Trainee: 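Starting off with a structure, shown below.
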Amino acid sequence: MKSALDNFDKAFENRIRLQIMSVLVANENYDFNSLKELLSVTDGNLASHLKALEKEKYIIVHKSFLGRKPNTTYAATENGRKAFRMHLQALENLIKQQK
Amino acid sequence: MQDQDIYSELNSIRNLMERSAKFISLSGLSGILAGVYALVGACLAYYLVYGTTGGLDYGDHYVNEEAVVLQLFFIAIVVLVLSLSTGILLTVRKAKIKGEKVWNPSSKKLLVNMAIPLVTGGILILILLLRGYFGIIAPATLIFYGLALVAGSHYTFTDVKWLGIYEITLGLIAACLPGFGIFFWTIGFGVLHIIYGSIMHFRYDK
């Protein structure tokens with residue numbers, strides 16, 4: 001029981017962070033507004049979770065302009081993908097152990 | 001953490017990965033209707049070309065008169081516009097029911113990826129038409145439409161890829177058998193759409 005939990009990534013303890021990571025792993029990149037609609041969360045909430053993931057170096061931010069509107073897109077880093085895989089593996093192990 | 005929690009967590013991850021990467025509000029019903037429009041259009045075209053007396057002796061008839069070509073062109077445009085507007089309308093409705101945005105990153109990618117083969121094919125066909133190669137229409141429309149479906153299928157249901165492959169195959173066969181254009185068109189745009197529309201309707205529209 002204990003050993004499986006060791007692999008759990010603290011950064012993914014929060015559900016929204018894990019959801020953000022799922023989207024970024026499945027897509028090359030994703031912009032802030034689409035992410036907000038997909039997860040139905042508020043601006044502030046999403047921004048703070050994105051900051052946390054950025055701090056872990058799991059995602060990178062790319063800021064640009066679409067015409068005059070700022071357009072911020074996010075992409076998963078190699079580190080982030082690896083961490084996501086490990087976390088899923090840990091979840092899987094936990095299920096196996098309990099069987 | 002409970003078993004139940006882990007399963008729901010994994011489920012939500014899987015759902016999000018799929019929903020973010022693929023546009024799943026595409027309506028199957030609109031495929032069926034597009035097929036029906038195509039069948040009606042093909043019947044009209046058939047009578048226009050062969051008259052009411054014509055049997056199944058296609059090969060002898062070739063379309064040359066400009067008036068008839070113009071009328072055929074008109075039918076094709078009407079079928080296309082009707083199919084597209086039905087498709088857009090039903091897809092918007094389905095997206096609303098599912099609470100998904102119609103204009104999202106995956107629908108954008110779907111459209112761009114389909115537009116490239118479609119526009120290329122459309123222009124090529126127009127150029128060949130202007131040079132008098134009427135026989136190219138049926139095979140070329142089927143092939144380029146099939147290529148567009150295969151290209152777009154990465155961003156929506158994978159079944160679309162198979163529909164695309166069947167359309168391409170049909171187009172290639174049509175290219176070998178000039179004179180049977182309307183026949184292959186009817187199968188490709190009519191029958192195949194109805195079959196695939198039904199499959200998608202019963203599998204995903206619920």
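Sequence lines set the chain letters: A, B, ... in the order given, protein chains first and strands last, and positions in each chain run from 1. Every value quoted in this text rests on a predicted model; they were computed, and no experiment measured them.
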Trainee: So do B/Pro105 and A/Asp31 actually touch side chain to side chain, heavy atoms under 4.5 Å?
Mentor: yes
Trainee: Check whether A/Leu38 gets within reach of chain B through its side chain, its backbone, both or neither, counting any heavy atom under 4.5 Å.
Mentor: both
Trainee: Rounded to the nearest 0.5 Å, what's the gap from CG on A/Asn27 to OH on B/Tyr155? Could you check?
Mentor: 9.0 Å
Trainee: Side chains of A/Arg15 and B/Glu9: does their closest heavy-atom pair fall under 4.5 Å?
Mentor: yes
Trainee: If the contact rule is any heavy atom under 4.5 Å from chain A, which residues of residues 10-41 of chain B qualify, in numerical order?
Mentor: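 Only B/Leu10, B/Ser12, B/Ile13, B/Leu16, B/Met17, B/Arg19, B/Ser20, B/Ala21 of residues 10-41 of chain B have a heavy atom under 4.5 Å from chain A.
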Trainee: Between A/Leu35 and chain B, which part of the residue has a heavy atom less than 4.5 Å away: side chain, backbone, both or neither?
Mentor: neither
Trainee: Can you say whether A/Leu24 sits under 4.5 Å from chain B via the side chain, the backbone, both, or neither, judging by heavy atoms?
Mentor: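 For A/Leu24, neither part sits under 4.5 Å from chain B.
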Trainee: Take atom NZ of A/Lys82 as the centre, draw a 6.0 Å sphere, and report whether it contains more than 12 heavy atoms from other residues, nucleotides or ligands.
Mentor: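 Open: at most 12 neighbouring heavy atoms sit under 6.0 Å from NZ of A/Lys82.
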Trainee: Just wondering, more than 12 heavy atoms not from A/Glu37 lying within 6.0 Å of its CD?
Mentor: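 For A/Glu37, atom CD is crowded (more than 12 foreign heavy atoms under 6.0 Å).
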